[in-house]
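Written below as structure tokens is the structure these notes are about.
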2 protein chains.
Amino acid sequence: MNASTPRAGIPTHDWVYRTLRRRIMGGGLAPGEAVTLRGLATELSVSMTPAREAVRRLVAERALEMTPTGRAAAPRMTRDRFEELTQARELLEPALAIRALPNADKMLSNRLKELNSQLDTHIASGDAAAYVAGNADLHATLYARANAPALMALVESIWLQTGPFMRLVYGRLGTQSLADYHAIAIAALDSGDEAALAEAIRADVRQGLNLAEDAFQQG
Amino acid sequence: MNASTPRAGIPTHDWVYRTLRRRIMGGGLAPGEAVTLRGLATELSVSMTPAREAVRRLVAERALEMTPTGRAAAPRMTRDRFEELTQARELLEPALAIRALPNADKMLSNRLKELNSQLDTHIASGDAAAYVAGNADLHATLYARANAPALMALVESIWLQTGPFMRLVYGRLGTQSLADYHAIAIAALDSGDEAALAEAIRADVRQGLNLAEDAFQQG
DNA sequence: GCAAGACAAATGTGATCACAATTGTCGCAT
DNA sequence: ATGCGACAATTGTGATCACATTTGTCTTGC
């Protein structure tokens, strides 16, 4: 089954971490669903020790929740929590974009346009997981130019928390067309318009919140 | 030595985590200084397993750094990193304060005034560790009224990263008098002035940055 | 039919151990 | 003196195990 495990050099616990993390982001764990140490260990053909380390790390990063009895489960998203995390994104991400602006060049904006067009493909095919991953990839590519690892780490920790839920939201929406704030942001990047760039990022993040609100109302 | 360890009910790894975390925040670990699993384990009279979990958790929370060879050490603060973390605080903390504002009452502001006066005591006695802890306590008390646990967790993770360094900064400064933006913030809280509250918080955070800049220039 | 209780399986926690890699130290040659 | 290499101690990693608690299930009694 896991014949696709070409892990060379990297520690076992790190590999388990990445594997489990990918599963969480990809929606492989339903909210509230628990993951057992022995189950994870035997499934990945490792011992309990690295499995436990991977789980604890994801708990520390809030990608997993700890039940009172000490079991790790995929966290349930609430409207309030999602709204908080969105506000944090709305505050931090424009700052990262502005920091990236002076370091942007034509090659970057071309790369961003390429990533953005791939998003259209994922929307068209209804691949919500690929869309969420690609969306994070696009934002990460831009913010990488900010050379701000500490800020970046904060934002990525938010993505880790909202990712599984956003995947669910986009899954419900199907192939609905979305306002392309990415394109606006890239245009602002090209023209060096700081305020427009920040506003486009904010609008993009806020659009995610609106989509989620609809999903919450549906149930 | 560790006779003061009345841990009842809480898991060992959690107790080790809290103990080590307190040590880091209190400056018990010099930047770059490594902590060994066996050393920590034997010192706290526990096995390597909970020691390892505690260390890994602190690494995940960026309160400890991982060297390429897999050893955990207290992270070194750079000017750039501190500037990034300060900007994050400057963005997130005013938002938390504004969220807390509608839930504030006379009892809260009295409590905050009390905590703020304790800070003066710590400045006067030159107890940098107590000052940093008390400062975090004051901010936390205000933000708790925001009922925003996800945002709060983000801010606390920043404090965890900046805490040890701030303690060092305040330690150098000695009993220097600081502008009391806390008092301004509390006044804004009492009068319900949202903009003034946010600005006072920003100024408070920025003051920390300025102090640190001085420290960086000294060496 | 169903709720409660007893029993069994499963689970998290912490300890111990073997192994490989790293780190520190001592001695030797230049 | 000083740089270098071999050896020993230290360290992180992963595996395995025992134990107490929790969870799931089946039976029993009403």
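Order of the sequence lines sets the chain letters (A, B, ...), proteins ahead of strands, with each chain counted from 1. No experiment lies behind these values; they were computed from the predicted model shown.
- Legend: residues meeting side chain to side chain donor-acceptor pair (under 3.5 Å) with B/Tyr17, ordered by chain and number and at least two apart, are B/Arg21, B/Glu61.
- For B/Met66, the side-chain atoms get nearest to D/dT13 when compared with the rest of D/dT13, C/dG14, D/dG14.
- Contacts between residues 57-65 of chain A and DNA chain D, defined by a heavy-atom separation below 4.0 Å, involve no residue at all.
- Using modelled atom types, one side-chain atom of B/Glu84 and one backbone atom of A/Leu151 make a donor-acceptor pair closer than 3.5 Å.
- Spacing between atom NE2 of A/His13 and atom P of D/dA15 amounts to 11 Å, rounded to whole angstrom units.
- Taking atom CE of B/Met48 as the reference point, atom C1' of C/dT13 lies 16 Å away to the nearest angstrom.
- Remark: A/Arg56 is in phosphate contact with C/dT13, judged by side-chain N or O atoms under 4.0 Å from OP1 or OP2.
- Residues A/Arg56 and A/Glu53 are not paired through a salt bridge, judged by the lack of any N-O separation under 4.0 Å between the basic side chain and the carboxylate.
- By the side chain to side chain donor-acceptor pair (under 3.5 Å) test, A/Arg38 pairs with no residue at all, sequence neighbours left out.
- The closest donor-acceptor contact from the side chain of B/Arg167 to the backbone of B/Ala129 lies at 3.5 Å or more, if one exists at all.
- Rounded to an integer number of Å, the gap from CD of B/Glu53 to C1' of D/dG12 is 15 Å.
- Across residues 28-41 of chain A, A/Val35, A/Thr36, A/Leu37, A/Arg38 each have a non-hydrogen atom less than 4.0 Å from an atom of DNA chain C (numbered order).
- Shown here are the side chain to side chain donor-acceptor pair (under 3.5 Å) partners of A/Thr12, two or more places apart in sequence or in another chain: A/Arg7.
- The shortest distance between the side-chain N/O atoms of B/Ser47 and the OP1/OP2 oxygens of C/dA15 is below 4.0 Å.
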What protein N or O atoms touch nucleotides 21-25 of chain C N or O atoms at under 3.5 angstrom, if any, and at what distances?
unit_1	atom_1	unit_2	atom_2	d
C/dT23	OP1	B/Thr69	OG1	3.4

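- Listed for the B/Glu33 side chain is a donor-acceptor partner under 3.5 Å among the backbone atoms of B/Ala30.
- At distances below 3.5 Å, not a single donor-acceptor pair connects side-chain atoms of A/Gln161 with backbone N or O atoms of A/Ala63.
- Ion pairing of B/Glu90 with B/Arg202 is absent here, as no side-chain N (NZ or NE/NH1/NH2) approaches a carboxylate O to less than 4.0 Å.
- Salt-bridge formation is detected for the pair B/Arg79/B/Glu213: a Lys NZ or Arg NE/NH1/NH2 atom is positioned less than 4.0 Å from an Asp or Glu carboxylate oxygen.
- Residues B/Glu156 and A/Arg62 are not paired through a salt bridge, judged by the lack of any N-O separation under 4.0 Å between the basic side chain and the carboxylate.
- Across all strands shown, B/Thr49 has heavy atoms under 4.0 Å from base atoms, whether or not it also approaches the sugar-phosphate.
- Residue side chain A/Arg52 reaches the base of C/dG14 through a donor-acceptor N/O pair under 3.5 Å, judged by distance alone.
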